[in-house]
2 protein chains.
Amino acid sequence: MAHSHNDHSSHDHVWAADLTRNQGLVLAALAHADTPLSAYQLLDTLRGDGLRAPLQVYRALDKLVERGLAHRLESLNAFVACADEHCRRKGLIAFAICNACGKVDEFADAVIEECLGDWAGVKGFKVERTTMEIRGKCAQCVQAV
Amino acid sequence: MAHSHNDHSSHDHVWAADLTRNQGLVLAALAHADTPLSAYQLLDTLRGDGLRAPLQVYRALDKLVERGLAHRLESLNAFVACADEHCRRKGLIAFAICNACGKVDEFADAVIEECLGDWAGVKGFKVERTTMEIRGKCAQCVQAV
DNA sequence: TTGGTCATGTAATAACATTACAAAAAATCG
DNA sequence: CGATTTTTTGTAATGTTATTACATGACCAA
């Protein structure tokens with residue numbers, strides 16, 4: 001079934017190639033949204049496309065996150081499409097999440113990553129992945145008061 | 001280990017004073033554990049002390065976290081007692097969580113905090129709270145292979 | 001074509017968290 | 001003290017997030 005995500009992202013050709021149907025549907029839904037979506041919100045969104053069970057969504061999300069095409073926001077139990085154009089971001093990624101409008105700003109900071117590396121080196125801790133989420137108000141919402 | 005969660009003996013008088021019964025029970029259970037506990041694990045632990053419903057635990061946890069006596073680990077949906085002796089840690093707190101043994105090391109890093117402040121300043125983002133969790137293997141578990 | 005691997009479908013259940021309502025305990029204040 | 005207000009507690013029901021178990025289909029390679 002042709003799902004129509006062609007209109008909202010220049011990413012399409014990047015992933016259209018080797019994503020499975022369900023993965024494509026989920027990533028398209030995430031890319032289309034302007035705030036993070038929970039697995040169940042994704043499921044509701046995609047019922048019209050034939051998805052019926054949570055597991056179908058979770059499985060797709062697992063793969064997408066594994067490949068760095070989507071990210072999980074632990075403090076929200078929700079997911080976003082990767083904001084990086086090439087979906088090849090390496091290293092630590094941080095998220096600034098606006099509590100008012102829900103929008104998320106994804107960024108990387110080499111200095112923070114270095115601090116973390118230093119700490120891990122000293123402690124002998126082997127880092128596998130890092131979650132960094134800032135909650136607060138974005139500039140727009142701060143002003144909107 | 002910089003801060004040990006097991007050594008709660010010296011904490012007892014600190015909080016005994018103005019915690020409610022349920023708050024005291026929950027904090028004691030957390031301080032006693034050497035890994036994070038979920039709300040339902042706490043509930044099971046404390047059934048013998050009269051707790052019967054999840055809400056009793058969640059309410060206590062809310063207050064404890066609010067006061068900085070406990071922390072929520074978002075990536076685990078679990079809680080730990082604050083490792084700081086004076087339970088008055090200010091600013092950004094990071095957690096290194098061992099995926100093998102489950103132990104958590106709590107630390108603060110001024111440089112990271114500064115980076116974050118800089119980023120927020122530039123972006124006009126008003127930070128309310130920050131979650132930083134490193135998942136990996138602690139020195140002990142790395143060696144134990 | 002057989003066997004392996006990967007994606008899928010479906011149902012059931014587990015794990016985590018909140019809402020709504022009522023009653024008891026404690027603090028405040030006339 | 002007694003009346004009022006706030007805080008804490010208890011209980012039930014429900015909502016939300018995530019996984020386990022098992023069966024099927026699709027694909028590719030030996």
Side-chain angles (χ1 to χ4, degrees), chain A residues 1-3 15-30 33 35-67 69-80 97 99 102 129 131 133 135, chain B residues 15-30 33 35-67 69-80 97 99 102 131 133 135:
Chain A
M1 180 61 205
H3 46 278
W15 31 272
D18 62 339
L19 290 182
T20 67
R21 173 186 151 80
N22 289 358
Q23 289 164 20
L25 287 169
V26 169
L27 184 52
L30 288 176
T35 57
L37 297 177
S38 74
Y40 281 77
Q41 286 175 317
L42 283 164
L43 178 54
D44 284 344
T45 300
L46 296 173
R47 275 191 206 283
D49 294 290
L51 293 207
R52 297 157 173 272
L55 190 50
Q56 296 176 292
V57 174
Y58 281 109
R59 285 202 275 228
L61 286 168
D62 280 349
K63 294 294 182 186
L64 294 172
V65 168
E66 194 180 300
R67 294 180 50 176
L69 300 175
H71 303 292
R72 178 188 174 90
L73 300 176
E74 302 284 0
S75 70
L76 293 176
N77 294 327
F79 301 83
V80 289
I97 302 167
N99 291 329
R129 68 188 174 80
T131 294
E133 299 175 18
R135 305 289 299 267
Chain B
W15 32 272
D18 63 337
L19 291 182
T20 67
R21 172 185 153 81
N22 289 357
Q23 288 163 21
L25 287 169
V26 168
L27 185 51
L30 287 176
T35 57
L37 296 178
S38 74
Y40 280 76
Q41 287 175 317
L42 283 164
L43 178 56
D44 285 344
T45 300
L46 297 172
R47 275 191 206 282
D49 295 289
L51 294 207
R52 297 158 173 270
L55 191 50
Q56 296 176 290
V57 173
Y58 281 109
R59 285 202 275 228
L61 286 169
D62 280 350
K63 295 292 182 186
L64 294 172
V65 169
E66 195 181 301
R67 294 180 50 177
L69 300 176
H71 305 291
R72 176 187 175 90
L73 300 177
E74 302 283 359
S75 70
L76 292 177
N77 295 327
F79 302 82
V80 287
I97 304 167
N99 290 328
T131 294
E133 300 175 17
R135 305 290 298 267

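Basis for what follows: all heavy atoms, side chains included, without hydrogens, waters or symmetry-related copies. Below, read A as the first sequence line, B as the second, and so on, with proteins coming before strands; counting in each chain starts at 1. Being a predicted model, the structure only gives us computed values, none of them experimental.
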Smallest separation among heavy atoms of B/Ile97 and B/Leu76, with atom names: CG2-CD1, 3.9 Å
Salt bridge present between A/Arg135 and A/Glu133 (N-O < 4.0 angstrom): no
Spacing between A/Lys63 atom NZ and C/dC6 atom P, to the nearest angstrom: 7 Å
Side chains of A/Arg21 and A/Asp49 in contact at under 4.5 Å (non-hydrogen atoms): yes
Euclidean distance, atom CG of residue A/Leu43 to atom C1' of C/dT8 [Å, nearest integer]: 15 Å
B/Asp44 CG to C/dC16 P, straight-line distance once rounded to whole Å: 10 Å
B/Glu66 side-chain N/O to B/Lys63 backbone N/O, donor-acceptor pair under 3.5 Å: no
Under 4.0 Å protein heavy-atom contacts per nucleotide of nucleotides 9-25 of chain D, with B for base, S for backbone only and - for none: BBB-----BBBBB----
Distance, rounded to the nearest Å, where A/Leu19 contributes CG and C/dC6 contributes P: 17 Å
Charged N-O contact under 4.0 Å between A/Glu74 and A/Arg129: yes
Salt-bridge contact B/Asp62-B/Arg67 (side-chain N to carboxylate O under 4.0 Å): no
Rounded interatomic separation in angstrom, taking CG from A/Asp49 and P from C/dG9: 12 Å
